[in-house]
Amino acid sequence: MPGYNHAAIEKKWQALWASHKVFATNIHDHARPKFYVLDMFPYPSGQGLHVGHPEGYTATDIIARYKRANGFNVMHPMGWDAFGLPAEQYAIKNNVHPRDTTAKNIARFREQLQAIGFSYDWSREVDTTDPKYYRWTQWIFLKLYDTWFDEKQQKGRPIRDLIEEFRTGQREIPNLIAGPPVPGKPWDQRLPSVQRAVLAHYRLAYQAEVPVNWCPGLGTVLANEEVIDGKSEVGGFPVERRPMKQWMLRITAYANRLLDGLHKLDWSDSLKEMQRNWIGQSEGAEVNFAIDVDPKRVEETEGLSITVFTTRPDTLFGATYMVLAPEHPFVHTLTTSEQAEKVESYQRWARSRSDRERQEDTKKTGEFTGSYAINPVNAQRIPIYIADYVLMGYGTAAIMAVPAHDERDHEFATKFNLPIVQVVAPKDASIVDVQKAAFVEEGIAVNSPWIEGLPTQEAKTKMISLLEENETGKRQINYKLRDWLFSRQRYWGEPFPIVHLSDGTTVPLSESELPVKLPELEDFKPTGTIDPPLSKATDWLNVKVDVKDLGGDYVAHLDASGQPARRELNTMPQWAGSCWYYLRYLDPSDEDNFVAPTIEKYWLRNGVDLYVGGVEHAVLHLLYSRFWHKVLFDRGLVSSDEPFHKLVNQGMILGENHEKMSKSRGNVVTSDSMVEAYGADSLRLFEMFMGPLEQVKPWSTAGVEGVYRFLQRVWRNMIDPDEADPNKANKLLERHPDGKTDAWWTSTGDLPRDQHAQAEADYQSLLRPLHRTIKRVTDDIERLSFNTAIAAMMEFNNLLAKTKYITLDIAETFLRLLEPFAPHFADEVLSIIRPDLRGQGVVSISQRPWPVYDPTLLIDATVEIPVQVNGKLRSRVTVPNDADEATAVAAALADPEVQKFLAGKEPRKKIFVKGRMVNLVV
RNA sequence: GCCGGAGUGGCGGAAUGGCAGACGCGAUGGACUCAAAAUCCAUUGUCCUCACGGGCGUGUGGGUUCGACUCCCUCCUCCGGCACCA
């Protein structure tokens, strides 16, 4: 039987679109408004695509096609996030070079995506592992290295500006070595090593010996964001803390900007909230506690003070002891000889505890140092403890403990028998027993001479200003966000454009030396030690360089007659390439710029207009990328402050059994199998018909059949009428332009005169529903409500099935609405019913403009409105659409059903909503 | 524990203060067929009723309103994030 045969259609149209460059974007056409619609580019795994992958891609493709139809210059690219741990793990497991597996996987992914008919401009494809691409990733790293964050201006600036400020004395040169401040020598008289150390203190990219997340199972260190419950996000191997010298990016400098920037973004509240929580801003105060001088050790302890951070300065009178993190630098000095053994043993024990153990066991442990501090508000002598519930990485790594008003301090104080003093009382004057449990809520300050009787908020403010007057403290804002650990002991990543001189000096390579290509290595497996795999590239790692001094800043050129140096052997993490790929898409072939300014200005005005991807990147990629973008913005390299204006997270697609799709559960449905059985158009339609884009929803292959049947019904309505039903034969009509009923044609010749009235009646009956459908589909696409847009088209098609005749213009308009969802199908049907279009240069229906609805056709002359009696629906009456209250109420009162429920009583209240309803209250 | 989000037929879902269950899946009956598939037609929240009709119904309990799936409060359940962050 002839009919809709998806297999015969889809490859043909994909080839036609490609050969006619239907979806090629002209990046230089800046006359039209632009629309940049972006997918989170995939990591090309060996598994290929399952039906979860095309969900977001289909949504963006519909938007891209819809925006093109509305006259926008659309950027809709695709590429590959191909560096990183998963690629390398896969390569090791299968004993092949990651370059080869990556190339193979990319080819497979590309083919699978192309089979779904996405309207990507494939000439813009990027691959993060291509030296032509990662050259610019390295280039941006050099910019980060060359940037410092000016707190006053809240802006990243070039290092040369910092040097200039030091040189001219505008900025004091910081003293990096602990001890009393010494008046410094002028910048140019400082030792080069001091200059370098000072600059490194400011750079956004710096090396530090820090306790890192070392994962022996993967043989690499990981970022905080890559560690879930003490295990690696990839592979689930245990992660331990150990100090190592690593590259860090100073994302904390941008914490405030990253927080502020969220306000103007069109992102979901939950996503913004996740970023806010991750940045973790908290307002409070830093307070200095002087050390009570130990008569036996006057020299070491005199003048020392410990700074703590607290969000509750109002409870300062209740501070009965202090706690330092076990790693706090003062611990050694503060520990008395009597306590030394216990303290050191506790430090060793704390260091050996993995993050996982710490998280599982939150019972309080600690040790007394033997020293005391003086509470600055009441001069009380309070003991100093160390305990691992105080974290090295947050605040000042030291706290004042207020056990009466903090649960953790309460637990610790109870265990170590420390005094608990109440300094906040409940607002309602009820009695609480702080010996039993901490009272953590806000209330009224008590037992606190300076702030007695003040509510918590006022008490905080007053206490801070008093501390500032006494110079014992100051207002302070802290963030949970830590600096980004940016190096990995891996082969399959971007090499750093950095060399180390034989004296240990770190020097960046000149931009002209980029790209620093990954060396070809036979053996790229982890070394089993902390040495990165690149340490095996002996030919590559030793170089000779010529180093230029730029006044404390340096740059290296490769030079065979220069001094010996060793390349940086770490590589960058996977996130590096994905931080800026949306910029490279604009012109991936540009050899002179990472993106040309004129191109960037047009395409990134307000950033990417729509970005769709998984919520799993809420705090990783999306935070890193915003950070890089802000640095690039500060350095004048991009024109917008935020990269992604509107962002939508598609919900995960579960297996048919409502469980997460996975190989081990055996519930994976591949996109290939769906394309083969039902076609790309049915797959696309169903992906969107399942439910709201952002919602998690289970797969249903029966549901795909449903939308497949829908397409077949459209086909039959327009092309192959049911031969068995003579009523349905030859439905399609062309209507004469003057619209006279005398002038109808069928596709096969003149319509018999006795059918003209029927044809006209069918035409008239479809006209209003058609325009309502245009409006519904248009509005629904605009608000990304694709499931209801499809429902509207199904409803309209159900009407088409009921009429005997359909005019060509109605059929074409309907197909135009369908095209973003089922592009191959729409093109095929159009090419059959309008074979003349090809001669007019129209290859695809996607080249035709979006239909416009006639507002006058949305309004009917009369409307049926519900009539309620006492708020309950009792009847319906038909009134003119512009009926006023008197008319509508009169019609309602005249209705026999309504009269029955009024039971002869006169309504005491009449509610009327024009065109909507009448409610009579008795 | 804290912070978000969500609870509507047998299932996916629609309705954002005004006719609850659009659209689709599934199911049941019928037409076509020797038969099956496909297709088409009809029914499909629930209870009472032969029927006409009517009662009840959007997790729970309350509130606001002429009117609540929709707004407010309480509780319950599920999903996601964070979690010794002072």
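Here is how names work: the chains are called A, B, and so on, in the same order as the sequence lines, proteins then strands, and each is numbered from 1. Values reported hereafter were calculated over all heavy atoms of this structure, with side chains retained and with hydrogens, waters and symmetry mates removed.
- Taking a pair to require two hydrogen-bonding distances under 3.5 Å in either a Watson-Crick or a G-U wobble arrangement, B:G18 pairs with B:C66.
- As judged by a 4.0 angstrom heavy-atom cut-off over every strand, A:G395 is placed among residues making no nucleic acid contact.
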Pair up each side-chain donor or acceptor in residues 867-880 of chain A with any protein partner under 3.5 Å, not counting sequence neighbours, and list the distances.
residue, atom, partner, partner atom, Å
A:N870, OD1, A:V922, N, 3.1
A:S875, OG, A:D895, OD1, 3.4
A:S875, OG, A:D895, OD2, 2.8

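- Remark: A:D406 engages A:R408 in a salt bridge (Lys or Arg N to Asp or Glu O under 4.0 Å) (not counting sequence neighbours).
- Here A:F796 pairs with A:F814 under the ring pair (Phe, Tyr, Trp, His ring centres under 6.0 Å) rule; sequence neighbours left out.
- Minimum atom distance to the side chain of A:R713 is reached by B:C40, of the listed B:A14, B:C40, B:A86.
- Remark: A:F710 pairs with no residue by the ring pair (Phe, Tyr, Trp, His ring centres under 6.0 Å) rule, at least two apart or across chains.
- The C1' atoms of B:A22 and B:C82 are separated by 39 Å, rounded to the nearest whole Å.
- At B:A86, none of the side-chain N or O atoms of A:Y389 fall inside 4.0 Å of OP1 or OP2 (strictly under the cut-off).
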Considering only distance and modelled atom types, tabulate donor-acceptor pairs under 3.5 Å from the side chains of residues 695-704 of chain A, sequence neighbours left out.
residue, atom, partner, partner atom, Å
A:K697, NZ, A:E55, OE2, 2.6
A:K697, NZ, A:P692, O, 2.9
A:K697, NZ, A:L693, O, 3.2
A:K697, NZ, A:Q695, O, 2.6
A:W699, NE1, A:T701, OG1, 3.1
A:S700, OG, A:G703, N, 2.9
A:T701, OG1, A:E656, OE2, 3.2

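- Glycosidic conformation at B:G57 (O4'-C1'-N9-C4 for purines, O4'-C1'-N1-C2 for pyrimidines): anti, more than 90° from 0.
- Checking A:R783 against A:G703, the closest nucleotide of RNA chain B that is more toward the 5' end is the one next to A:R783.
- Not a single ring pair (Phe, Tyr, Trp, His ring centres under 6.0 Å) links A:H771 to another residue, sequence neighbours left out.
- With sequence neighbours left out, A:R475 forms a salt bridge (Lys or Arg N to Asp or Glu O under 4.0 Å) with no residue at all.
- No side-chain N or O of A:T369 forms a donor-acceptor pair with one of A:Y385 less than 3.5 Å apart.
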Between the protein and nucleotides 21-23 of chain B, are there any N/O to N/O pairs under 3.5 Å, and if so, what are the atom names and distances?
residue, atom, partner, partner atom, Å
B:A22, O2', A:E795, OE2, 3.0

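- B:C2 and B:C75: their P atoms are spaced 11 Å apart (whole Å).
- Within the cation-pi definition used here (under 6.0 Å to the ring centroid, within 45° of the axis), A:K364 does not qualify as a partner of A:F412.
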message: One character per nucleotide, please: for nucleotides 65-82 of chain B, 5' to 3', B when the base has a protein heavy atom closer than 4.0 Å, S when only the sugar-phosphate does, - otherwise.
response: -BS-------------SS
Could you pull out the protein-nucleic contacts involving nucleotides 55-57 of chain B (nitrogen or oxygen on both sides, under 3.5 Å)?
residue, atom, partner, partner atom, Å
B:G55, OP1, A:R874, NH1, 3.3
B:G55, OP1, A:R874, NH2, 3.4

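- Residues forming a salt bridge (Lys or Arg N to Asp or Glu O under 4.0 Å) with A:R908 (at least two apart in sequence, or on another chain): none.
- Within the nucleic acid shown, A:R709 comes within 4.0 Å of sugar-phosphate atoms alone, with no base atom in reach, counting heavy atoms only.
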Between the protein and nucleotides 31-33 of chain B, list the N/O to N/O atom pairs that are separated by less than 3.5 angstrom.
none

